[in-house]
There are 2 protein chains.
Amino acid sequence: MDLEEQQTLPHSPFAQPIRCIVKLGGAAITCKNELEMINDEILHKVSEQLRQAMISSSQKPPGMDWSKRHRASEICCNPDEFKDHSVIDCSPFIVVHGAGSFGHFQASKSGVHKGQLNKPIVKGGFVATRISVTTLNLAIVRALAREGIPSIGMSPFSCGWFTKEKHISSGDLSSVAKAIESGFTPVLHGDAVFDDIQGCSILSGDVIISHLAAYSKPKYVVFMTDVYGVYDRPPTEPDAMLLKEIAVAEDGSWSVINPKLQNSVELTVAAHDTTGGMETKISEAAMIAKLGIDVYIVKAATSHSLRALSGVLRSSIPNDWLGTVVRSSR
Amino acid sequence: MDLEEQQTLPHSPFAQPIRCIVKLGGAAITCKNELEMINDEILHKVSEQLRQAMISSSQKPPGMDWSKRHRASEICCNPDEFKDHSVIDCSPFIVVHGAGSFGHFQASKSGVHKGQLNKPIVKGGFVATRISVTTLNLAIVRALAREGIPSIGMSPFSCGWFTKEKHISSGDLSSVAKAIESGFTPVLHGDAVFDDIQGCSILSGDVIISHLAAYSKPKYVVFMTDVYGVYDRPPTEPDAMLLKEIAVAEDGSWSVINPKLQNSVELTVAAHDTTGGMETKISEAAMIAKLGIDVYIVKAATSHSLRALSGVLRSSIPNDWLGTVVRSSR
């Protein structure tokens, strides 16, 4: 379904306004070149920043991961800390994460994104991909829960979402809305799903974000990645320039307004991102910005990502902030 | 919703007949007295038996868990084994598992089953319970996938299922049916879910089985547990007698027909089963049997469970088979 169509849809299942949708990019939270390896340091820092942005209390709330610590016998958080705790207000956020070094190997090895579920290798790849991405989802849900964020893993496949030509053809949001209403933080992810035409496909985190944004109309969207934002050329090149502000016209076309550029813009493409590089990211961001929602693309686990998550950038962008803001020119 | 009501429901989402619904009891597949500890040996054996019952091929099919082996760097199964593999026919089974030493600690510590989601401890317990049960679900899905069973984890919470007074008030089965239709084996589990009246609750694996059985009308249902079946007294007692056959009348009442008993029956109650002991199990089994579906209660990972899974017991029960069959007296 096109975002334009969605704009005119009368009904949103969200009774409560969403403050922010956050994308945790696969490249940021996993180690790109090592199969199924989480970047624990970044994930911990990101979870801490999310807690700071979502929960205003000065005191860190009790942790909600009461499972055994990885490779140990003691549990992660002590339930008894809840004893005298009063109600903790948690701002309505939705978290979506990519796959990074989880899922991509399994998906590309089998060609799940190309469909043909009747082929044994594709069926096997579908199962293998879902195992890998749900493993990452569980790790992220646990990291957030340890910070006291009431995180709830929700797989698009289990939610009954379908794709059709890379778009979401069926993506009922009532479960997500109900979770938000009940004070939880849904954690969705790029997933292997059924496809109306080709049997199966990969639904990317970025497409999920667009779908969620169109229906829930959050105040802002933050994309966390492993570089400071969008550059005019690969950020590893010495003269690469950070594009600080991109304006999106009503027809969806976009232009860089800060810094003022002479040449046309060559875009960086993240090497590990099979579901769409930086160009896809800007296009998706532009589609969201067109709805009147500010989009911030920032480096995860930095002071810049914390400012983006907190929402302070909505009034004005400080000069020392590093990142890319994509917003409507209206 | 009562099973009786469901019997008269006109529409089933299952286009394809289900052969068997299997319950993997928490007591069988986890170590009861150790927090979050899987009984790896039993789980492996159970997965092997499920594969033998589901996939007729003499050759073991290629494994579908291409994730890294636990605590190692190599992957569990080699995707290249699929290269020359022709289509593998997999019989339509649905797997449901309990929680055992996963989830119970978190649920009972917080009282999730009693509702009151507005209390911080209950909210925390809801998150913690879901983390624990989805951890077990992932481990079971992986064990089945390693045997070549196309297993797909489906959490009742994510599927949008709700309870009302211990029953399922909303339990859309279209996702489960679609997974079956596409040749996958859905793996559901006891879960923390929203409740229409008290806010939240625990939906037990046994209630899920009843719901699935009523709508999908499987040929038979197998409950795998850690004892040989249902006994007339706690099976640890020296004179405990295995109840081999229980007949269920049209009104749902049941009686033991083999062996012929003199005294009234005292039932064993599994110590670790907070969502319902053996008596609940017989009542649930009786409700399923009333629909004309044979129910076998067997000890997991034995020759008896393999015979139950294969369906050979449907024609006649051999004298050397140990287990309890619950079926309609009609």
Side-chain angles (χ1 to χ4, degrees), chain A residues 35-36 61-68 71 73 75 77 79 82-83 85-88 102 105-106 109-110 117-121 123-132 134-135 138 141-142 145 148-155 157-160 172 174-175 178-179 182-184 194 199-200, chain B residues 35-36 61-68 71 73 75 77 79 82-83 85-88 102 105-106 109-110 117-121 123-132 134-135 138 141-142 145 148-155 157-160 172 174-175 178-179 182-184 194 199-200:
Chain A
L35 179 68
E36 299 188 340
M64 296 181 174
D65 179 7
W66 307 346
S67 280
K68 275 200 299 194
R71 303 186 185 193
S73 61
I75 56 173
C77 309
F82 273 93
K83 275 218 176 96
H85 234 280
S86 55
V87 176
I88 303 139
F102 288 75
F105 161 72
Q106 291 84 355
K109 187 84 195 173
S110 57
L117 208 43
N118 54 325
K119 283 190 184 169
I121 176 94
K123 202 168 165 186
F126 193 93
V127 168
T129 302
R130 295 215 70 250
I131 286 172
S132 190
T134 53
T135 300
L138 186 56
V141 165
R142 292 187 63 177
I149 296 169
S151 52
I152 293 282
M154 301 186 83
S155 285
F157 175 86
S158 302
C159 292
D172 180 22
S174 54
S175 295
K178 171 70 188 169
S182 306
F184 292 105
F194 292 132
C200 65
Chain B
L35 178 69
E36 298 188 338
M64 296 181 173
D65 179 6
W66 307 347
S67 279
K68 275 199 300 196
R71 303 188 184 192
S73 62
I75 57 174
C77 309
F82 273 94
K83 273 212 179 99
H85 233 279
S86 55
V87 177
I88 304 139
F102 288 75
F105 161 72
Q106 290 86 354
K109 187 83 194 174
S110 56
L117 209 41
N118 55 325
K119 282 189 184 170
I121 177 94
K123 201 168 164 186
F126 192 93
V127 169
T129 302
R130 295 216 71 249
I131 287 172
S132 190
T134 52
T135 300
L138 187 55
V141 165
R142 290 187 65 177
I149 296 169
S151 52
I152 293 282
M154 300 185 83
S155 286
F157 175 86
S158 302
C159 292
D172 180 22
S174 54
S175 296
K178 171 69 187 171
S182 306
F184 292 105
F194 292 132
C200 65

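Here the structure is a predicted model, which is why all the values come from computation and not from measurement. Computed from heavy atoms alone, side chains included, the values below leave out hydrogens, waters and symmetry copies.
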Side chain from CB out, backbone as N, CA, C, O: work out which of these in [X] comes under 4.5 Å of a heavy atom of chain A, or both, or neither.
X        : answer
B:Leu138 : side chain
B:Arg130 : side chain
B:Ile131 : both

Heavy-atom proximity to chain B below 4.5 Å, by part of [X]:
X        : value
A:Leu117 : side chain
A:Ser155 : backbone
A:Asp172 : neither

| request: Tell me, out of B:Pro61, B:Gly63, B:Pro62, B:Gly125, who's got the most heavy-atom pairs with chain A below 4.5 Å. | output: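 Option with the top pair count is B:Gly125.
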| query | Do the side chain of A:Lys109 and the main chain of B:Pro79 share a donor and acceptor less than 3.5 angstrom apart? | reply | no
| task | Kindly say whether B:Gly183 contributes a backbone atom to a donor-acceptor pair with the side chain of A:Lys123 at under 3.5 angstrom? | result |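 Yes; judged by distance alone, with no hydrogens or angles, the pair exists.
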| message | According to side chain to side chain donor-acceptor pair (under 3.5 Å), who are the partners of A:Lys119, at least two apart in sequence or on a separate chain? | response |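 Scan of A:Lys119 (side chain to side chain donor-acceptor pair (under 3.5 Å), adjacent residues dropped) gives A:Gln116.
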| remark: side chain to side chain donor-acceptor pair (under 3.5 Å) filter on B:Lys68, not counting sequence neighbours, yields none
| said: Which label fits B:Phe105 and A:Trp66: parallel for a plane angle under 30°, tilted from 30 to 60°, or perpendicular past 60°? | reply: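 B:Phe105 vs A:Trp66 ring planes: perpendicular.
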| field | Heavy-atom pair of closest approach, residues B:Ile88 and A:Pro120 | value |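 Nearest pair, atom of B:Ile88 first, then A:Pro120: CD1-CB, 4.5 Å.
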| task | Taking the side chain as every heavy atom from C-beta outward, state whether B:Met154 and A:Phe157 have any pair of such atoms under 4.5 Å apart. | result | yes
